Amino acid sequence: MGVKIGEEVGYTIRFEDQTNPSVTVIKFLTDGVLIREMMDDPLLTKYSVIMVDEAHERSLSTDMLLGLLKKIQRRRPELRIIISSATIEAKSMSTFFQARKKDLRHAAEDSVPSHLPAVLSVEGKGYTVEIHYVEEPVPDYLQAAVGTVLSINDKEPAGDILVFLTGQDDIDAAVKLLREDTQDDRRRTSGLLVLPLYSGLSRVDQDLVFAPTPKGKRKVVISTNIAETSLTLEGVVYVVDSGFSKQRFYNPISDIESLVVTPISKASARQRAGRAGRIQPGKCFRLYTEEYFLKEMPTEGIPEMQRSNLVSCVIQLKALGIDNILGFDWLASPPPEAMVRALEVLYSLGILDEDAKLTSPIGYQVAEIPLDPMISKMILSACNFGCSEEIITIAAVLSVQSIWVSMWGAQKEFDEVKLRFAAAEGDHVTYLNVYKGFLNSGKSSQWCYKNYLNYQAMKKVVDVREQLSRLLRRLGLALKSCEKDTQILRKAIIAGFFANSCHLEEYSHNGLYKTVRSSEEVYIHPSSVLFRVNPKWVVYHSLVSTNKHYMRNVIAIDPSWLIEAAPHFYQVRTPNLAPC
DNA sequence: CTCTCCCT
């Protein structure tokens, strides 16, 4: 359009506002930012047209936003809403936004949208992709994927290959197999450049997949879902689709989130295939039968709303003045159990009162902080305990994926390096040591590299920490350091995470813990500094469920601190503690 | 003895 970014056309993301309110007429932003903007401007009066892109992804915030926009439109019939979605399911979207008869009765004539939602279809600009299926179901998609790559390399003309598997384990195994094959049988694979791709890789390793393919080589990228939508690889002509991805599921009864290898939807399968047609006509090899695709594969995935913990979602709606959360107009209703659980958790944290209204000041302050409510509660308590300087560092580290780079070779070295930072109290205090070291190094990327730290992640920690310190100042809360008093630090953590306490099973030789609240069997994650240390009592930040239930980010505590922090949640029962 | 992926 020939304009400078940040003037007529701008964008806003978490740490960057490239707009100029007096000049900008088109603004790109994430759905989460727009929901945040609603807290100051509930009817989004700044905007006359709102376009929601990628609505088919059905992320938590997209679903929330669509429900909120529908509500806004009743008050602002002149607001134009455009929803763009890559699936054929436009009808359900259109029905959702169609004013219902009972709404019409209560609304004045002129406040009804003057047109029913129109459905427009726009042709994709990709090249055609020829789809191939297997004749018979494959017993092992990893082996099948490796075999398919080799046969493409044998039979098909030049062009890079993108393989979709489910996770780091799968991917590292496939990379290894293909690289070994290169050595065993020069003729078949001599031209292959095999690269893994997943979000845990360091930036340097991720960048390798974007480098142009050397002459005479064929690039094979073995990837998670990250290459399905988040990253785009040019030069891909062949896609191999395993038909699976890892998905998160939340059980509101046990309050545990699990990562499960799940069959993908037809929508995902199409998206994956489309990745082969960006520069020329391509081919997609699906490692499942055509019959399976047509008859058994679900059309759409399950919206995130229906398989997530909803505490963040509930508090945001509360902050927007939506009192009847259960009666909110959802595009897809979340399970009532998950709603009830979220309300319970927020109540136990003192964020909602008996009438499920935000408490003052805690509830309102928590809603202002753009983090998980348990973390926000931890921060607010730290302000009272006088350790907010340290706690916001911890909060920032906990809000990035992982500050360590994933190491597939040098495990032993890695563990040794980690010991330099390890604190007996646990991971949270260890993170403080890492952060201190990073600052002392002058925020050096070299230093990160030497210490197996992810430099990008550390930079993000600094950004998040700065945002939090600005926010606390704005809320009129004190930034104070507790120096070396890690007891007070742990008490502040417990103020947010008292519900996540576990004790080591007596006579347990393999590190078996049970959660205090529901006696679930859990273990300390091998990435924790307390792995194999196994203190008697711990509090964890989150559970990840794969083969076992693993606690990630763990601190050792004294059980009396639990009763001190949450007498309403725990009551003393000799000789141990029990939930009430 | 291990971590799909976005996002405020």
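These figures come from a predicted structure and were not determined experimentally. The basis for the numbers below is simple: all heavy atoms, side chains too, and nothing from hydrogens, waters or symmetry mates.
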From [options], pick the nucleotide closest to the side chain of [X]?
X        : options             : result
A/Pro526 : B/dC6, B/dC1, B/dC3 : B/dC1
A/Arg532 : B/dT2, B/dT8, B/dC1 : B/dC1
A/Pro370 : B/dC5, B/dT8, B/dC3 : B/dT8
A/Asn547 : B/dC1, B/dT2, B/dT4 : B/dT2

For A/Leu259, answer base if it contacts any base atom (sugar-phosphate contacts may also be present), sugar-phosphate if it contacts only those atoms, and nothing otherwise; contact means non-hydrogen atoms under 4.0 Å.
->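 A/Leu259: base contact, heavy atoms under 4.0 Å.
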
What's the shortest heavy-atom distance between A/Arg248 and A/Ser308, and which atoms?
->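 Answer, listing the atom of A/Arg248 first, then A/Ser308: NH2-OG, 3.5 Å.
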
Check A/Tyr47 against A/Glu37 and note the closest heavy-atom contact, atom names and distance.
->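 Where A/Tyr47 meets A/Glu37 most closely, the heavy atoms are OH-OE1, 2.6 Å.
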
Starting at the 5' end of DNA chain B and moving along, which residue's nearest nucleotide shows up first, A/Ile369 or A/Thr166?
->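 Here A/Thr166 is the residue nearer the 5' end.
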
A/Gln467 or A/Gly200: which one's nearest nucleotide on DNA chain B is closer to the 5' end?
->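 That would be A/Gly200.
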
How long is the span from the CD atom in A/Glu54 to the CG atom in A/Asp31, to the nearest 0.5 Å?
->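 That separation rounds to 10.5 Å.
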
If you round to the nearest 0.5 Å, how far is CD of A/Glu389 from CG of A/Leu468?
->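 Going from CG on A/Leu468 over to CD on A/Glu389, the span is 11.5 Å.
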
Test the A/Lys70-A/Phe96 pair against the cation-pi criterion, namely NZ or CZ under 6.0 angstrom from the six-membered ring centroid and within 45° of the ring axis.
->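 Satisfied, under 6.0 Å and within 45°.
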
Can you tell me if [X] touches the phosphate of [N], counting only side-chain N or O atoms and a distance under 4.0 Å to OP1 or OP2?
X        : N     : value
A/Thr546 : B/dC3 : yes
A/Ser527 : B/dT2 : no
A/Gln401 : B/dC6 : yes

Of all pairs that satisfy salt bridge (Lys or Arg N to Asp or Glu O under 4.0 Å), the ones with a partner from residues 363-377 of chain A, not counting sequence neighbours |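 As it turns out, the salt bridge (Lys or Arg N to Asp or Glu O under 4.0 Å) pairs with a partner in residues 363-377 of chain A, which skip direct neighbours, are A/Glu368-A/Arg474.
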
Starting from P on B/dT8, measure out to NZ on A/Lys460 and report it in whole angstrom.
->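 Answer to the nearest Å: 8 Å.
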
Which of residues 26-38 of chain A have a heavy atom under 4.0 Å from DNA chain B?
->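 Those residues are A/Thr30, A/Gly32, A/Val33, A/Arg36.
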
